[in-house]
Number of protein chains: 2
Amino acid sequence: MRRELTSKGRATRERIIEGAAAVLREKGVAFTTLEDVMARTHTSKGQLFHYFPEGKDELLVAVARLEADRVLEDQQPYLGSLDSWEAWERWRDVVIERYEAQGDSCPLGSLFQQVGRSTPGARAVVVEMTRRWQESLAAGVRALQAAGRLPADVDVDRRAAALLAAIQGGVSILLSTGRSAHLRAALDQGLADLRRAGDGPA
Amino acid sequence: MRRELTSKGRATRERIIEGAAAVLREKGVAFTTLEDVMARTHTSKGQLFHYFPEGKDELLVAVARLEADRVLEDQQPYLGSLDSWEAWERWRDVVIERYEAQGDSCPLGSLFQQVGRSTPGARAVVVEMTRRWQESLAAGVRALQAAGRLPADVDVDRRAAALLAAIQGGVSILLSTGRSAHLRAALDQGLADLRRAGDGPA
DNA sequence: CGTAAAGTGGACCCGACAGTCCATTCAACG
DNA sequence: CGTTGAATGGACTGTCGGGTCCACTTTACG
């Protein structure tokens, strides 16, 4: 089903996705039109539909995929070695800083919220993304266990799921209220509790 | 600025808001048109703009306000007396059940996500709603303290904020993936941790 | 070269939908 | 009653924006 693309073609396609991602980050899914993307990427309607025959939805999915990869890749340096409490705290700071910097435009949050329900394939991207992110967190928890800083009976998956939910919830609230207090609280509390699971009883 | 409304007028206004809320719950903000609302409520364009001169946005804010009240009112029986662990668990079950039943249509979530950013007054509604909800949770935590089931040095506000974020995050993930596992995990874990803060060190 | 396929530009179409306007009906009240 | 303002109905407008189409240009390749 994939058309052949020359190197020029691939470049243009890339440019469109990147540009669309930028526009989406600035204006949000709801207020972004194809014309916006065209203006930003110096392309024409023809090209847009040449590279994304299914139209807007297909483009959005492509952007979602890009942003998803980017978010994870972005955190990889921190997510990759969560084997000490200091590492976890550094990670937490990065997450908070990142989202505060973005202010109230979350490339993924809004994208998922809006696109996730409309198209069928889009939801798959979201599910996959969630799975990968949670898996990274779970790996971090396991690293703590391996390092002997956390007892073996901690429910790793539940912890990871709860942490992911904490981030999402904090971001969600940040997006709609403009305040990051909840994100902070959720992560601080989540980490503190995880830590207590180590020091505490058990 | 408020026009005089006869009793008939007030009834119609109510009917419009209720009907709009129903439609929004079913179709989501993005896909709901004024025509949908008109059809559902047996009203005409004229009436819509008669009662909501600012147009769609004003109507959406009205609905958001209604739904916000409804959600809190709905949980009040449980939120109101969170002075035992059993009460907290009952509350958690109700929350999960409620959201699972709604499936992937959250009257508030999507409403806030979409409306919250567009209009200025809408954001205020969201902030207010967040504040009230968190306050209810905080009251519950304090009730636990008062009942001697939780040490006094627990950071009540942080706990409440984290719990709220957990709910929001869980719901957010439920909405975009269709799975409630994260909501469950977040609430279970949050409660377990709160409980441990009571039994545990300290 | 030449020709076929990929790439590019943009005019055009059309449905959807928010919002306007006015004519008509209804109800309160002196 | 009659008149005034609220309540209602719905035709109409304008715009926005996704999607189609086709003419034209560039690139790949024998």
Side-chain angles (χ1 to χ4, degrees), chain A residues 1-20 23-24 26-64 110-111 114-115 117-119 121-122, chain B residues 1-20 23-24 26-64 111 114-115 117-122:
Chain A
M1 70 156 288
R2 169 64 77 240
R3 274 177 168 68
E4 0 233 316
L5 291 183
T6 68
S7 64
K8 192 181 180 187
R10 246 175 290 120
T12 303
R13 204 186 125 96
E14 276 313 299
R15 206 176 72 237
I16 292 175
I17 298 180
E18 293 281 354
V23 179
L24 284 166
E26 286 169 21
K27 309 189 52 170
V29 180
F31 304 108
T32 297
T33 71
L34 291 185
E35 315 244 343
D36 293 330
V37 177
M38 285 162 54
R40 170 72 61 113
T41 60
H42 307 292
T43 49
S44 62
K45 272 271 170 69
Q47 300 180 70
L48 247 50
F49 283 86
H50 180 65
Y51 294 107
F52 304 92
E54 312 265 285
K56 199 180 186 185
D57 282 344
E58 191 181 352
L59 174 58
L60 288 180
V61 172
V63 173
S110 42
L111 211 55
Q114 178 124 13
V115 183
R117 69 180 61 247
S118 60
T119 81
Chain B
M1 70 157 287
R2 169 65 77 242
R3 275 179 168 66
E4 1 233 318
L5 290 184
T6 67
S7 64
K8 192 180 180 188
R10 246 175 289 120
T12 302
R13 204 185 126 96
E14 276 312 299
R15 204 175 73 237
I16 293 175
I17 298 180
E18 293 280 355
V23 178
L24 284 167
E26 286 169 21
K27 308 190 53 171
V29 180
F31 303 108
T32 298
T33 72
L34 291 186
E35 313 244 342
D36 292 330
V37 176
M38 283 161 55
R40 170 72 62 115
T41 59
H42 306 291
T43 49
S44 62
K45 270 272 167 68
Q47 300 180 69
L48 246 51
F49 284 85
H50 179 66
Y51 293 108
F52 304 92
E54 313 267 284
K56 199 180 186 183
D57 282 344
E58 191 181 351
L59 175 57
L60 287 181
V61 171
V63 172
L111 212 54
Q114 178 124 12
V115 183
R117 68 180 61 246
S118 60
T119 79

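Values below: all heavy atoms of this structure, side chains included; hydrogens, waters and symmetry mates excluded. Chain naming here is simple, since letters A, B, ... match the order of the sequence lines and numbering starts at 1 in each. These numbers were taken from a predicted model, which means no experiment stands behind them.
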Quick test: give all pairs of protein nitrogen or oxygen and nucleotides 8-12 of chain D nitrogen or oxygen below 3.5 Å, distance rounded to 0.1 Å.
residue : atom : partner : partner atom : Å
D/dT8   : OP1  : B/Thr12 : OG1          : 3.2
D/dT8   : OP2  : B/Thr12 : OG1          : 3.3
D/dT8   : OP2  : B/Gln47 : OE1          : 3.2
D/dT8   : OP2  : B/Tyr51 : OH           : 2.9
D/dT8   : O5'  : B/Gln47 : OE1          : 3.3
D/dG9   : OP2  : B/Gln47 : NE2          : 2.3
D/dG9   : N7   : B/Ser44 : OG           : 3.0
D/dG10  : O6   : B/Gly46 : N            : 3.1

Could you check how far [atom1] of [X] sits from [atom2] of [N], rounded to whole Å?
X       : N      : atom1 : atom2 : result
A/Leu48 : D/dG17 : CG    : C1'   : 12 Å
A/Ile16 : C/dG7  : CD1   : C1'   : 11 Å
B/Leu34 : C/dG15 : CG    : C1'   : 16 Å
B/Asp57 : C/dC17 : CG    : P     : 16 Å
B/Phe52 : C/dT20 : CZ    : C1'   : 18 Å
B/Asp36 : C/dC17 : CG    : C1'   : 10 Å
B/Arg13 : D/dA6  : CZ    : C1'   : 15 Å
B/Glu54 : C/dG19 : CD    : P     : 10 Å

Considering only heavy atoms from C-beta outward, does the side chain of [X] approach that of [Y] to under 4.5 Å?
X       : Y       : answer
A/Thr32 : A/Leu60 : no
A/Tyr51 : A/Glu58 : no
B/Phe49 : B/Leu34 : yes

(Q) The criterion is side-chain hydrogen bond (donor to acceptor under 3.5 Å, both in side chains); which residues satisfy it with A/Thr43, sequence neighbours excluded? (A) A/Thr41

Q: State which residues pass side-chain hydrogen bond (donor to acceptor under 3.5 Å, both in side chains) with A/Ser44; sequence neighbours excluded, sorted by chain then number.
A: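 side-chain hydrogen bond (donor to acceptor under 3.5 Å, both in side chains) list for A/Ser44, sorted by chain: A/Gln47.
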
Q: Taking all heavy atoms of B/Ile17 and all of B/Val63, pick out the closest pair and write down the distance.
A: O-CG2, 3.9 Å

Q) How long is the gap from NE2 on A/His50 to CZ on A/Arg13, to the nearest 0.5 Å? A) 10.5 Å

(Q) Can you tell me which nucleotide in D/dG18, C/dC17, C/dG19 comes closest to the side chain of A/Thr33? (A)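 Of all the options, the side chain of A/Thr33 is nearest to D/dG18.
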
Q) When you match B/Gly55 and B/Thr6 each to their closest nucleotide on DNA chain C, which lands nearer the 5' end? A) B/Gly55

Q: Take B/Ser7 and B/Phe49, find for each the nucleotide of DNA chain C with the closest heavy atom, and name the residue whose nucleotide sits nearer the 5' end.
A: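 With B/Ser7 and B/Phe49 compared, the 5'-side residue is B/Phe49.
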
